[in-house]
Number of protein chains: 2
Amino acid sequence: MREEHVVEMDETIANYLSNEDIVYEATQIFDALSDYTRFQILSSLCVGSRSVSELKDLCHVTQSAISHQLRLLRDRGLVFARRDGQRVIYSLADEHVATLMRVGLEHAAEAVSVEGE
Amino acid sequence: MREEHVVEMDETIANYLSNEDIVYEATQIFDALSDYTRFQILSSLCVGSRSVSELKDLCHVTQSAISHQLRLLRDRGLVFARRDGQRVIYSLADEHVATLMRVGLEHAAEAVSVEGE
DNA sequence: CTAATATATGAGCATCTGTTCATATTTTCA
DNA sequence: TGAAAATATGAACAGATGCTCATATATTAG
């Protein structure tokens with residue numbers, strides 16, 4: 001038997017929903033998390049700062065692909081970069097990203113286990 | 001001065017990250033929330049069940065566009081449908097969606113207000 | 001049964017996206 | 001100064017996406 005999930009939205013959230021700019025901005029952060037490569041980058045940065053080449057090794061894509069994705073994340077204010085010699089070190093710039101990933105992963109873990117059985 | 005956000009990931013989350021299927025599934029729920037129309041549909045369903053035509057009026061797109069998006073959301077297990085006469089009533093099928101939207105909107109409200117000043 | 005209403009779906013299309021390739025830029029080291 | 005290492009960027013392209021249009025399906029009312 002399926003359950004319906006109806007949720008109380010407090011007034012603040014309801015106000016956000018009536019603001020087009022805020023809703024659009026919300027879709028943008030979800031978009032950032034919707035790509036496999038970017039998700040890997042961001043989850044890695046949740047643990048600590050990483051250079052571009054470290055991220056490249058971690059994500060198994062070319063250096064160019066990583067740099068392009070990092071630019072997108074920079075433009076959206078989700079990461080920031082500092083130079084350290086030849087390296088450029090990226091860090092998480094937004095505290096909400098980790099929360100979102102945690103909830104998204106919890107959902108996913110349930111979804112995958114349900115599908116498996 | 002910018003702050004770095006480094007977050008302790010508990011072991012369970014770290015395990016999720018090493019599971020490709022779970023990570024992919026996580027990107028899929030973020031993808032669902034990354035489109036303006038779908039975000040409106042889901043936020044509306046957070047408040048309560050809605051028929052297709054109610055959702056259509058709310059989102060200012062064609063009935064066809066709504067139905068296509070509802071199919072995507074159904075296929076991903078985020079909403080479910082029950083028939084009531086001529087109408088089909090959609091409801092939220094996943095409790096995590098509301099949490100994600102709340103956090104995403106909080107992030108967005110900050111981002112928009114920072115950009116405004 | 002027939003018309004009307006509500007919803008679903010397939011095809012087609014314009015746009016967006018993520019990647020690769022080639023090349024530019026920046027920094028270090030000899 | 002010149003080569004090597006690390007990163008950034010623009011162009012190009014294949015594939016994905018979200019929409020509209022036309023049409024199919026399902027339910028109810030007359």
Side-chain angles (χ1 to χ4, degrees), chain A residues 20 23-45 48-93, chain B residues 20 23-45 48-93:
Chain A
E20 268 187 39
V23 170
Y24 178 74
E25 186 68 26
T27 64
Q28 289 302 98
I29 198 181
F30 291 122
D31 180 72
L33 288 158
S34 72
D35 175 76
Y36 201 94
T37 301
R38 287 194 298 268
F39 191 96
Q40 286 188 111
I41 291 173
L42 291 170
S43 63
S44 170
L45 296 185
S49 303
R50 301 265 184 273
S51 70
V52 176
S53 44
E54 285 174 320
L55 292 169
K56 168 186 86 87
D57 294 340
L58 211 125
C59 299
H60 305 295
V61 293
T62 63
Q63 175 269 315
S64 177
I66 290 285
S67 277
H68 280 297
Q69 297 294 12
L70 285 170
R71 176 154 71 149
L72 184 149
L73 296 173
R74 249 188 292 128
D75 289 348
R76 295 195 186 168
L78 300 182
V79 304
F80 69 98
R82 71 166 195 278
R83 198 169 255 286
D84 176 28
Q86 286 173 300
R87 306 287 176 96
V88 176
I89 311 295
Y90 281 83
S91 319
L92 214 55
Chain B
E20 270 187 37
V23 170
Y24 178 74
E25 186 68 26
T27 63
Q28 288 303 98
I29 198 181
F30 291 122
D31 180 73
L33 287 157
S34 73
D35 175 74
Y36 201 94
T37 301
R38 287 195 297 270
F39 191 96
Q40 285 188 110
I41 291 173
L42 291 170
S43 63
S44 170
L45 296 184
S49 302
R50 302 265 185 273
S51 71
V52 176
S53 43
E54 285 174 320
L55 292 169
K56 167 185 86 86
D57 294 341
L58 210 125
C59 299
H60 306 294
V61 293
T62 64
Q63 175 268 316
S64 178
I66 290 286
S67 277
H68 279 297
Q69 296 293 13
L70 285 170
R71 176 155 70 148
L72 184 150
L73 295 174
R74 249 188 291 127
D75 290 348
R76 295 195 187 170
L78 300 182
V79 304
F80 69 96
R82 69 168 195 276
R83 197 169 257 286
D84 176 28
Q86 286 172 299
R87 306 287 176 94
V88 175
I89 311 297
Y90 281 83
S91 317
L92 214 56

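All values below come from the heavy atoms of this structure, side chains included, with hydrogens, waters and symmetry mates left out. Here is the naming used below: chain letters follow the sequence lines, and residue numbers restart at 1 for every chain.
In this structure, A:R74 places its CZ atom 8 Å from C1' of D:dA8, rounding to the nearest Å. The separation between B:F30 atom CZ and D:dT17 atom C1' is 20 Å, rounded to whole Å. Regarding B:L72, its CG atom lies at a distance of 14 Å from the P atom of C:dA8, rounded to whole Å. Atom-to-atom, CZ of A:R76 to P of C:dT17 comes out at 7 Å; the value is rounded to the nearest Å. Per the geometry, CG belonging to B:D31 stands 11 Å off P belonging to C:dT17, to the nearest Å. Across the protein-nucleic acid pair, B:I66 atom CD1 and D:dC19 atom P stand 8 Å apart, rounded to whole Å. To the nearest angstrom, P of C:dG18 lies 13 Å from CG of A:D75.
Heavy-atom minimum distance, A:A32 versus A:L42: O-CD1, 4.4 Å. Taking both residues in full, the closest heavy atoms of B:S51 and B:E54 are given as N-OE1, 2.8 Å, listed atom of the first, atom of the second, then distance.
Looking at residues 50-60 of chain A, you'll see A:S51, A:V52, A:S53 sit with a heavy atom under 4.0 Å from some atom of DNA chain D.
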Give the intermediate values and the outcome of side chain to side chain donor-acceptor pair (under 3.5 Å) for residues A:Y90 and A:R82. CA-CA 7 Å; A:Y90 281 83; A:R82 71 166 195 278; over 6 Å; no
Might you work through the side-chain contact (heavy atoms from CB on, under 4.5 Å) test for B:S91 and B:R50, ending with a clear yes or no? CA-CA 7 Å; B:S91 317; B:R50 302 265 185 273; over 6 Å; no
Could you walk me through whether B:S67 and B:Q63 pass side chain to side chain donor-acceptor pair (under 3.5 Å), step by step? CA-CA 6 Å; B:S67 277; B:Q63 175 268 316; 3.1 Å; yes
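The aromatic rings of B:F30 and A:F30 lie parallel to each other, their planes meeting at an angle below 30°, with 60° marking the opposite boundary.
A 4.5 Å side-chain heavy-atom check between A:L70 and A:V52 finds at least one atom pair inside the cut-off.
Contacts of A:Y90 with the nucleic acid, taken as non-hydrogen atoms under 4.0 Å apart, involve only primed sugar atoms and P, OP1 or OP2.
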Report, as a single string ordered 5' to 3', how protein heavy atoms within less than 4.0 Å touch nucleotides 19-30 of chain C: B base, S sugar-phosphate only, - not at all. SBB----SBS--
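A sub-4.0 Å separation between OP1 or OP2 of D:dG18 and a side-chain N or O of B:R71 is absent.
Separation of atoms CD (A:Q28) and CG (A:L72) is listed at 8.5 Å; rounding is to 0.5 Å. Between A:S49 atom OG and A:R87 atom CZ the span is 13.5 Å, to the nearest 0.5 Å.
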